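A quick note: this is a predicted structure, and the numbers were derived from the prediction, not measured.
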Amino acid sequence: KLKQMSTIENEKKAGDKSFALQDVDIDKVEAHHVNIGDDFSEVKPNGLCILAICVVMSGTLMFGADTTLFGAIQAVPSFVNRFCVGDYGTAAECGLADCDAQLKSNPLCAGLSDGEACCATVRANNDDWVNIFLMMGNFLLYFGAAWGALLLGPFIAERWGRRLPIFIGCIIAIIGCVFQAYLNFGSKEVFLTARFVLGFGAGTALCILPMYNAEVAVPQWRGITGGLFQFFVVCSGFTAVFLTKFITNYQIILMIPAFAAIIPAVGVFTIPESPRFVMQKHGYEKGVAILQKMRGSDCTHEAQAIWEALEAEKNTKK
């Protein structure tokens with residue numbers, strides 16, 4: 001009010017003859033724009049909103065699981081026997097010989113007192129195994145994830161919505177898991193290609209999951225759920241490594257990210273499309289209808305803020 005009064009007073013001093021200060025009823029002035037500092041704390045989520053957030057969080061499991069699994073699986077004998085022995089050295093050079101015997105005879109184990117530590121040391125000194133196969137297997141996952149996040153995910157999300165790239169990314173990741181675990185045909189090249197495919201699928205889904213979360217969560221939850229996204233990536237990685245202590249079959253271990261990907265792949269069909277996307281592509285009214293389905297209170301104010309942000313973006317692109 002003080003700013004408005006000051007502006008009017010300045011105009012009056014400058015010779016504005018349109019009206020006098022006492023003619024203005026400040027309390028009746030209507031605000032037509034939603035400001036950044038507006039309070040949305042009264043916006044309440046409902047069960048559908050919480051379900052949508054849970055689906056988003058489940059999508060972190062496949063990536064978190066595999067980023068840590070590939071490190072843990074390197075100590076699983078069935079995996080080492082399948083991909084190292086014969087291709088990158090003998091059983092002894094791959095760390096699969098009698099560990100206690102190697103502890104006594106292998107100079108690499110001098111000073112060690114534990115047989116398992118000796119075998120791990122021998123494996124770590126197998127340069128071809130570590131620097132060619134294992135390094136490429138790890139690198140191709142992240143390389144694929146980067147390309148999926150840069151190319152396919154945003155391309156689909158801007159044209160057909162947020163749910164479709166999440167679903168497609170999960171399916172691609174499952175296909176990658178199946179090929180690396182069961183359909184590699186004994187080929188290192190096929191296995192490494194499957195690692196790239198797995199990463200590409202995970203990246204496609206993961207670049208859209210936080211976007212969808214931000215567009216469906218109530219405003220006061222967005223920061224918390226954004227932090228939980230990374231939290232669940234770490235938790236899923238920890239859980240996956242813990243499971244390797246009880247699973248000896250490397251193929252089942254390599255399929256853990258696929259099992260995790262099934263949850264969001266199915267879950268996206270139980271939740272609505274992003275209200276922001278619907279509003280952008282099909283108009284304000286349809287977007288509000290979707291948003292209201294995910295709120296336990298009136299969402300008019302929030303919907304207006306979304307609409308004005310879309311209009312501002314549209315004007316910026318012109």
Derivation of the side-chain contact (heavy atoms from CB on, under 4.5 Å) call for Asn106 and Thr121: CA-CA 10 Å; Asn106 197 317; Thr121 301; over 6 Å; no

From CA spacing to verdict: side-chain contact (heavy atoms from CB on, under 4.5 Å), Cys109, Val122: CA-CA 8 Å; Cys109 300; Val122 172; 4.1 Å; yes

Worked verdict on Trp221 versus Ile50 for side-chain contact (heavy atoms from CB on, under 4.5 Å): CA-CA 11 Å; Trp221 282 13; Ile50 295 172; 4.0 Å; yes

Residue pair Cys119, Cys99: steps toward the disulfide bond (SG atoms under 2.5 Å apart) verdict: CA-CA 6 Å; Cys119 283; Cys99 294; 2.0 Å; yes

side-chain contact (heavy atoms from CB on, under 4.5 Å) assessment of Tyr88 paired with Val80: CA-CA 10 Å; Tyr88 295 101; Val80 177; over 6 Å; no

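Tyr142 has its side chain within reach of Asn138: a pair of non-hydrogen atoms, C-beta onward, lies under 4.5 Å apart. Taking the side chain as every heavy atom from C-beta outward, Ile253 and Leu69 approach each other to under 4.5 Å. Considering only heavy atoms from C-beta on, Thr90 stays 4.5 Å or farther from Val85 through its side chain. Residues Leu254 and Cys177 are not in side-chain contact: their nearest non-hydrogen atoms beyond the backbone lie 4.5 Å or more apart. Using a 4.5 Å heavy-atom threshold, the side chains of Leu134 and Trp129 count as touching. Between Arg162 and Met211 the shortest side-chain heavy-atom distance falls below 4.5 Å. A 4.5 Å side-chain heavy-atom check between Met62 and Asp66 finds every atom pair outside the cut-off. Within the 4.5 Å cutoff, no side-chain heavy atoms of Val55 are placed close to those of Val266.
Two different hydrophobic clusters hold Trp160 and Ile290 under the rule that ILVMFWY side chains link at heavy-atom gaps under 4.5 Å. The hydrophobic clustering, which links ILVMFWY residues whose side-chain heavy atoms are closer than 4.5 Å, places Phe242 and Phe232 apart. With hydrophobic clusters built from ILVMFWY side chains whose heavy atoms lie under 4.5 angstrom apart, Phe277 does not share a cluster with Phe155. Grouping the Ile, Leu, Val, Met, Phe, Trp and Tyr side chains by contacts below 4.5 angstrom, directly or via other members, places Phe179 with Ile256. Cluster membership check: Val130 shares its hydrophobic cluster with Tyr250, using side-chain heavy-atom separations under 4.5 Å among Ile, Leu, Val, Met, Phe, Trp and Tyr.
The backbone N or O of Val190 sits nowhere less than 3.5 Å from a side-chain atom of Asn184 that would complete a donor-acceptor pair. The closest donor-acceptor contact from the side chain of Gln230 to the backbone of Gly226 lies at 3.5 Å or more, if one exists at all. Between the Asn213 side chain and the Ile53 main chain, no donor and acceptor come within less than 3.5 Å of each other. Under the 3.5 Å distance criterion, the side-chain polar atoms of Lys281 are matched with a main-chain donor or acceptor of Glu158. Looking only at distances, no side-chain donor or acceptor of Glu215 sits under 3.5 Å from a matching main-chain atom of Ser274. Asn315 places a side-chain N or O within 3.5 Å of a backbone atom of Glu311 that can act as its donor or acceptor partner. Between the side chain of Asn81 and the backbone N or O of Leu96, no donor-acceptor pair lies under 3.5 Å. Put simply, the side chain of Thr204 never gets that close to the backbone of Gly169: no donor and acceptor are under 3.5 Å apart.
Nearest heavy atoms, Met294 versus Pro275: SD-CG, 4.3 Å. The two residues Asp100 and Gly115 have their closest heavy-atom pair at OD1-CA, 3.8 Å. When every heavy atom of Ser236 is checked against every heavy atom of Gly64, the shortest pair comes out as OG-CA, 3.2 Å. When every heavy atom of Cys94 is checked against every heavy atom of Gly89, the shortest pair comes out as SG-O, 3.9 Å. What you find for Cys49 and Pro45 is that their closest heavy atoms are SG-CB, 3.8 Å. When every heavy atom of Arg222 is checked against every heavy atom of Ala217, the shortest pair comes out as NE-O, 3.1 Å.
Here Phe200 and Phe143 keep their ring centres 6.0 angstrom or further from each other.
Between Leu140 atom CG and Phe191 atom CZ the span is 10.0 Å, to the nearest 0.5 Å. From Asn249, atom CG reaches atom OG1 of Thr244 across 13.0 Å, with rounding to the nearest 0.5 Å. How far NE2 of His301 is from CD1 of Ile306: 11.5 Å, rounded to the nearest 0.5 Å. Rounding to the nearest 0.5 angstrom, the gap separating the CH2 atom in Trp307 from the OG1 atom in Thr300 is 15.0 Å. Taken to the nearest 0.5 Å, the CZ atom of Phe83 stands 8.5 Å off from the CG atom of Leu192. Here the OG atom belonging to Ser297 is positioned 7.0 Å from the CD atom belonging to Gln292, to the nearest 0.5 angstrom.
Within the cation-pi definition used here (under 6.0 Å to the ring centroid, within 45° of the axis), Arg276 does not qualify as a partner of Tyr212.
A side-chain donor-acceptor contact under 3.5 Å links Gln180 and Arg195.
Few gaps surround OH on Tyr284; more than 12 heavy atoms of other groups in view lie less than 6.0 Å from it.
Salt-bridge check for Glu302 with Arg295: passed, with a basic side-chain N closer than 4.0 Å to an acidic carboxylate O.
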